[in-house]
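Each ligand, and each atom within it, is numbered from 1 in the order the structure gives. As the structure is a prediction and not an experimental result, all values here were calculated from the model.
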Amino acid sequence: MRRKVIAGNWKMHNDLKQSEDLIKSLKELLKDKSVNCDVIVCPPFTSLSEASKLVNGSIIKLGAQNMHFEDKGAFTGEVSASMLKSVGCEYVILGHSERRTIFDESDETINKKIKKALEQGLKPIFCIGETLEEREKEITKDVVMRQVEKGLEGISSEQMKKLIVAYEPVWAIGTGKTATPQQAQEVHEFIRGLISSKYGSDIAEDLVIQYGGSVKPDNASELLSQKDIDGALVGGACLKADLFMGIITNA
Ligand code: PEP
């Protein structure tokens, strides 16, 4: 039985004080609740260190939103996996569609980042998903297959056990348009099949595949009750503690 994982991607929102307030509010809402899923928050880099202190001792785990694939060097503006580890991160989001489209990250770059994250003991949340144009051309599965094959090239079975996949149709991110539970389930099942043929059914069955794209408390329950949907990667709704808590409760 896979445990559901709800992760909040804060993107470029919240300065230090706002980050502290949001984590404190979430902790308050989670207090004394029995929660049946893992909860991850991914604040901006500038808040990670303080966020790490605040989540310590709670069920909330910490993730970052990106990292570089090199260990160190002349890469102005970048942070390394070991830097993220040093401020208490356990997870890192890699391959988010905003990184792919706005910052031109290729499947090859994402693959290097996934390898480095795993080598350094970080658990990647590996994002994949098609654009609206690709869905309309009916090539969703080809796109997802390419992203999985290239993104996971050279990743061993042991490493796969540490990784989360997030299926995020790009047309559903931040748009208020959610994939229907059936549309999402179809792609999730396809992804699990891809992993099964590459790594075997045991690893595929244990793999957490999150859905992301305008998840809100009122649509979470139906999405999360699909057989192959094991959690959510949440953008907009994770910036308000009560909305994020609503999704956690539905999981
Ligand atoms: C995301 O950025 O990963 C995301 C799913 O955003 P939203 O929930 O706002 O669509």
Among all protein heavy atoms, pick out the one at the shortest distance from atom 8 (O) of ligand 1; state its residue, atom name and that distance to 0.1 Å.
G235 N, 2.8 Å
Counting heavy atoms only, which of H96, K177, Q65, E98 comes nearest to atom 1 (C) of ligand 1?
H96
Number the atoms of ligand 1 from 1 as they appear, then name those within less than 4.0 Å of a heavy atom of G174, with their elements.
7 (P), 9 (O), 10 (O)
Between I164 and I191, is there shared hydrophobic-cluster membership here, with clusters defined by ILVMFWY side-chain heavy atoms closer than 4.5 Å?
no
Who's the nearest protein heavy-atom neighbour of atom 9 (O) of ligand 1, and how far?
G236 N, 2.8 Å
In ligand 1, which numbered atoms sit nearer than 4.0 Å to a non-hydrogen atom of E168?
1 (C), 3 (O), 4 (C), 5 (C)
Are a donor atom and an acceptor atom from the side chains of W171 and E133 found within less than 3.5 Å of each other?
no
Check ion pair K116-E119 (N to O, under 4.0 angstrom):
yes
What are the atoms of ligand 1, with element, lying closer than 4.0 Å to any heavy atom of S214?
7 (P), 8 (O), 10 (O)
Over all heavy atoms of both residues, which pair between Y211 and A172 is shortest? Give the atoms and the distance, please.
OH-CB, 3.6 Å
Within-cut-off N or O pair, G212 and ligand 1, under 3.5 Å
no
SB check R146 D142 (cutoff 4.0 Å)
no
Taking side chain as C-beta onward, heavy atoms only, is L29 less than 4.5 Å from I248?
no
How does N9 reach ligand 1, if at all, at less than 4.0 Å between non-hydrogen atoms: by side chain, backbone, both, or neither?
side chain
Check contact between G213 and ligand 1, using heavy atoms of the residue and a distance below 4.0 angstrom.
yes
Non-hydrogen atoms of P181 and L223 that approach each other most closely
CA-CD2, 3.9 Å
May I ask you to check if ligand 1 and V234 share an N or O to N or O distance below 3.5 Å?
no
Note: ligand 1 atoms sitting under 4.0 Å from heavy atoms of A172 are 10 (O)
Can you say whether the rings of Y167 and H188 are parallel (under 30°), tilted (30 to 60°) or perpendicular (over 60°)?
perpendicular
